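Numbers restart at 1 for each chain; the letters A, B, ... are given by sequence-line order, proteins then strands. This one's a predicted model, so the numbers in the text were calculated from it and none came from an experiment.
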Protein chains: 2
Amino acid sequence: MLLTIDPAAPEPLFEQLAAQLRAAIAAGTLSAGDRLAPARDVAASLDINLHTVLRAYQELRDEGLVELRRGRGATVAARADDAGLRDAGLRAAIDTLVAESRRLGLDPRTTTALVKEALR
Amino acid sequence: MLLTIDPAAPEPLFEQLAAQLRAAIAAGTLSAGDRLAPARDVAASLDINLHTVLRAYQELRDEGLVELRRGRGATVAARADDAGLRDAGLRAAIDTLVAESRRLGLDPRTTTALVKEALR
DNA sequence: GTACTTGTTCCCATACAACTAGAACAAGCG
DNA sequence: CGCTTGTTCTAGTTGTATGGGAACAAGTAC
C-alpha cells in the first residue's frame, strides 16, 4: 500500500492520506482485517510527523472504516466490507454523478458542495 | 432568501454561506438575474464580518454562478441557469447517490471524500 | 517476567487560514 | 450631489495543521 502526499496541495496532509486509504478500501486493494502500516513507519517514509499520520487513521476510525489498537496497529474494520464502500450501486451512483457533473461543465467545488448539502 | 450559519461547525462560515446559495440556485429559489442581499446587510443580520460574506460571494463568482458589481450588488449569473445546476439528470444523480449512501449507512465524510476523489 | 511494538495522550512551538475591525476607494444609481 | 455596494488595504486575534518531543498503556514476542 503505497501512500503519497503533495505538500503543495490545498488539502491537509492527513486528509490526503485518509482519502487514499478510503479509495484503497473502495477499490478492494485493502480488505477487512488488512493491516495498515504503523503510523511511525508511514511518517518516517513520507518525512512527515507521526501526529499527522495518526490523525488520518483516527479520522478513518471515526468513520468506522478502521480499527486502532495499541500494540496491534491499525486494521481495516469488518464494517468496511459490510458497509460496502465497493458496493456496486454506490459506485454506479458516483460514476453517474461524475458524468453529469462533467457534462454540465460544473466546477468540482460546485458538485461536491451540492452533494455535501444534500447529505445534511 | 434566508441564510443561516453555525459558528460551531467545522466548515468555514463563508463556505456555509456559499453552499446555501448554491443549493438555492439548484433548487430554483434563486434564478438568473435575481439579486442577492447586499453583503453588509447579510453581515449585520448574521452578526458576522462584511469580509466573510463577500468571500462567499466571491467564491460563487469564481465558480461562475454569481456576478458582482460595485454599486449594483450581487446577482445570479445567466450561466447559472445555462450551466444547469437544476438539470434533471444532475439532481437525479445526486438523489441516487444520497440514497445509496444512506442505504449503506456511510458517514457523510466518507461519501463526500469518495466523490471528491472521483472528480479529480 | 522482559523487551519490543504501536497507538494514546500530554507538552510546546511555528505557520497559515479564517475571522474580525476599520478605513478609504471606485463604480453605479437616483 | 448623496447614497449604495463591491473592492482594496492594513492590522490584529483566533483556530487548525503540522512539527518535535516525551511519557504512557495495551498488546505481541521471547
inquiry  = Between L60(A) and V76(A), is there a side-chain heavy-atom distance shorter than 4.5 Å?
reply    = no
Nearest-angstrom distance from the residue atom CZ of F14(B) to P of dT20(C) = 12 Å
inquiry  = I want to check something: taking the side chain as every heavy atom from C-beta on, are E117(A) and Q16(B) in contact at a cut-off of under 4.5 Å?
reply    = no
task = With rounding to the nearest 0.5 Å, note down the distance linking CD1 in I94(B) to OG in S101(B).
result = 13.0 Å
key: Q58(B) CD to dG6(D) C1', straight-line distance once rounded to whole Å   = 8 Å
inquiry  = If you compare every side-chain N and O of R70(A) against the phosphate oxygens of dT9(C) (OP1, OP2), does one of them come in below 4.0 Å?
reply    = no
inquiry  = For the OG1 atom of T29(B) and the CG atom of D34(B), what is their distance to the nearest 0.5 Å?
reply    = 9.5 Å
task = Would you mind reading off the distance between D41(B) atom CG and dC3(D) atom P, rounded to a whole angstrom?
result = 16 Å
request  = Using a cut-off of strictly less than 4.0 Å, decide whether R35(A) has a side-chain nitrogen or oxygen near OP1 or OP2 of dT6(C).
outcome  = yes
Salt bridge flag under 4.0 Å for residues R22(A) and E15(A) = yes
key: Bending between helix ends of the helix from dG1(C)-dC30(D) to dG30(C)-dC1(D) [5 pairs per end, 10° resolution]   = 40°
ask   = Rounded to the Å, how far apart are R69(B) CZ and dT7(D) P?
value = 11 Å
task = Specify the separation, in whole Å, of atom CZ of R40(B) and atom P of dC3(D).
result = 14 Å
key: Rounded distance (Å) that lies between atom C1' of dG7(C) and atom CD of E59(A)   = 17 Å
inquiry  = Taking side chain to side chain contact (heavy atoms under 4.5 Å, CB included) as the definition, give me every residue that meets it alongside T112(B), ordered by chain and number, with sequence neighbours left out.
reply    = V115(A), K116(A), L119(A)
note = Taken to the nearest whole Å, CG/L68(B) to P/dT5(D) is 13 Å
note = Taken to the nearest 0.5 Å, the spacing of T96(A) OG1 from R91(A) CZ works out to 12.5 Å
query = What are the residues of residues 45-57 of chain B, sorted by number, that bring a heavy atom to within less than 4.0 Å of DNA chain C?
reply = I48(B), N49(B), H51(B), T52(B), R55(B)
Atom-to-atom span, CG of L36(A) to P of dT6(C) - whole angstrom = 12 Å
remark   = Closest non-hydrogen contact found for D87(A) with R103(B) is OD1-NH2, 2.8 Å
task = Report the distance from atom CZ of R61(A) to atom CD of E67(A), rounding to the nearest 0.5 Å.
result = 11.0 Å
task = Determine whether any donor atom in the side chain of R72(A) lies under 3.5 Å from an acceptor atom in the base of dG7(C), or the reverse, and answer yes or no.
result = no
